[in-house]
Amino acid sequence: MFSPPEEDLVHQWESEQDRLRQQVVDVDTEDWQSGPHFSGLDRVGGVDLSFIKGDDVNACAQLVVLSYPELQVLYEDSQMVALTAPYIAGFLAFRETPFLLEALQRLQKNQPELLPQVVFVDGNGLFHYREFGLACHLGVLSGLPCVGVAKNLLQVQGVYKNEEHQSQIAALQRGGDSFPLTAASGKVLGKALRSSDKSSKPVYVSVGHKINLDTAVRLTHSCCRYRVPEPIRQADCRSREYLRTHFPAADTETKE
DNA sequence: GCGACAG
DNA sequence: ATCTTGTCGC
C-alpha cells in the first residue's frame, strides 16, 4: 500500500515504455536509406547532455546538425536546463528526452529547413532491458529517424560482456566490421561496430526509430571520423565547451 | 556481500 | 555523466 516513491516511479515509467514501444518503427521509411551511398541524405543530427562536475541537475543540452557526407557543422544549439528526473539505469530517456525534444522543436520553429533527416543519440535504442531505450523514446516522440550509439555494452537480455564477446571484438578487423548482439530470445537487438580502423574498441549500434539495423550500422560507420560518430562527438565537445566558458571552475567557487 | 549500472 | 595527466604507441 505504501511503496517507496522511486518504486512507484519505476512502475509508472515501465508502463509508459510499454505503451510507447508499440509505436517504434524498426524498418527503413526514408528514400535516402535505400541507396548504397545514402544519396538524398543532406543533414544528420546529434544530441547530448553535459553536466557540471558535482551537479547532477544543471546541464547543457546540445543539438548539432552536420552536412552529409561532409560532416561540417551547419547548426548548433546549446541550452542550459535543469533536470528533474533522477538517473535510473533503463530509464535514461525520462531524464534527458524532454530537453532534447525542446531543442528539436526550437530548430523546427526557427530554421525548419535545417531539421536533420536522422538523429544520432548517445545511448541505446532497441538494445535495452525492455527494447525501448533513449534513441527509441526520442524517435517516437519526435517522429524523426533515430540511431542509438552506446559507448559501453549494456548487459541485457542474455548479452554478456564475457570472453566470447571479447573474442568477437578481437575478430573485428577493419572499420565497418560488426557482429550481432543477440538476445536469449534469438532476436538481434543491435550490433557491435568497429567504427574506424584505428579504434579497436567498438561502439554499440541499435535501432531508434524509422531505420533498420543494418542501415543504422552502415550509416553510423559512414559518419565516423573517430570512434564516436561525428554528430554525437560534436554535440559532446560543444556542450562541454559551453560549460567551460559559461561556468569556469564552478566547483571552486569562492565561498566565505 | 558482490557485481551491474546506456548517460 | 564526472573525478583526472601523462603516457605508450602508431
Side-chain angles (χ1 to χ4, degrees), chain A residues 6 9-10 13-14 17 21 46-63 78 80-101 103 119-139 146-163 165 173-175 181 183 189-193 195-209 216 220 226-229 231-233 235-244 247-253:
Chain A
E6 185 170 278
L9 187 61
V10 166
W13 283 352
E14 283 179 342
Q17 289 180 329
R21 184 179 54 206
V47 291
D48 189 32
L49 259 63
S50 287
F51 294 79
I52 297 175
K53 53 182 177 180
D55 183 345
D56 59 346
V57 171
N58 300 105
C60 177
Q62 186 76 35
L63 166 64
S78 307
M80 286 307 297
V81 298
L83 283 68
T84 55
Y87 170 69
I88 300 178
F91 303 94
L92 176 62
F94 292 94
R95 182 165 162 77
E96 302 193 347
T97 296
F99 308 100
L100 302 180
L101 263 179
V119 178
F120 281 91
V121 180
D122 65 345
N124 297 300
L126 290 179
F127 184 53
H128 178 268
Y129 303 91
R130 288 164 298 282
E131 298 179 29
F132 196 72
L134 175 59
C136 296
H137 208 120
L138 184 65
C146 286
V147 176
V149 180
K151 296 181 289 295
N152 295 101
L153 179 72
L154 191 58
Q155 301 194 129
V156 293
Q157 296 198 35
V159 176
Y160 297 110
K161 186 167 45 186
N162 52 23
E163 52 292 319
H165 181 75
Q173 298 295 303
R174 303 182 171 190
L181 302 169
L189 301 178
K191 285 193 173 183
L193 167 73
S195 51
S196 80
D197 290 329
K198 285 79 177 181
S199 62
S200 56
K201 182 176 180 178
V203 292
Y204 300 93
V205 180
S206 61
V207 170
H209 191 47
T220 298
Y226 303 101
R227 175 174 177 249
V228 175
I232 291 177
R233 202 178 74 85
D236 182 69
C237 289
R238 288 163 190 259
S239 56
R240 287 194 194 193
E241 173 167 51
Y242 184 92
L243 292 182
R244 282 204 306 273
F247 301 92
D251 186 34
T252 38
E253 201 69 56

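In what follows, chains carry the letters A, B, and so on, assigned in the order in which the sequence lines appear, proteins first and then strands, with residues in each chain numbered from 1.
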*asked:* Pair R95(A), L49(A) - check side chain to side chain contact (heavy atoms under 4.5 Å, CB included), show working.
replied: CA-CA 10 Å; R95(A) 182 165 162 77; L49(A) 259 63; over 6 Å; no
For a quick check of understanding: with a heavy-atom distance under 4.0 Å over all strands, which category does [X] fall into, base, sugar-phosphate or nothing?
X	value
G54(A)	nothing
L92(A)	base
D48(A)	sugar-phosphate
N124(A)	base
Y160(A)	nothing

[X] [atom1] to [N] [atom2]: how many Å, rounded?
X	N	atom1	atom2	value
L134(A)	dA6(B)	CG	P	12 Å
R240(A)	dG7(B)	CZ	P	12 Å
I52(A)	dT2(C)	CD1	P	11 Å
F94(A)	dG7(B)	CZ	C1'	15 Å
L49(A)	dG7(B)	CG	P	13 Å
I232(A)	dA6(B)	CD1	P	15 Å
I88(A)	dG7(B)	CD1	P	17 Å
N58(A)	dT2(C)	CG	P	14 Å

Under 4.0 Å from OP1 or OP2 of [N]: is there any side-chain N or O of [X] that close?
X	N	result
Y87(A)	dA6(B)	yes
K151(A)	dA6(B)	no
N152(A)	dG7(B)	yes
K198(A)	dG9(C)	no

*Between F94(A) and H137(A), how do the two ring planes meet: parallel, tilted or perpendicular, split at 30° and 60°?*
perpendicular
*dC5(B) to dT2(C) separation - C1' atoms, rounded to the nearest Å*: 15 Å
_Side-chain donor-acceptor contact under 3.5 Å, R130(A) with Q17(A)_ = yes
*Within the side chain of R233(A), is there an N or O that forms a donor-acceptor pair under 3.5 Å with the backbone of R227(A)?*
no
*asked:* For the CZ atom of F247(A) and the SG atom of C60(A), what is their distance to the nearest 0.5 Å?
replied: 8.5 Å
*Nearest of dA6(B), dA1(C), dC3(C) to any side-chain atom of K53(A)?*
dC3(C)
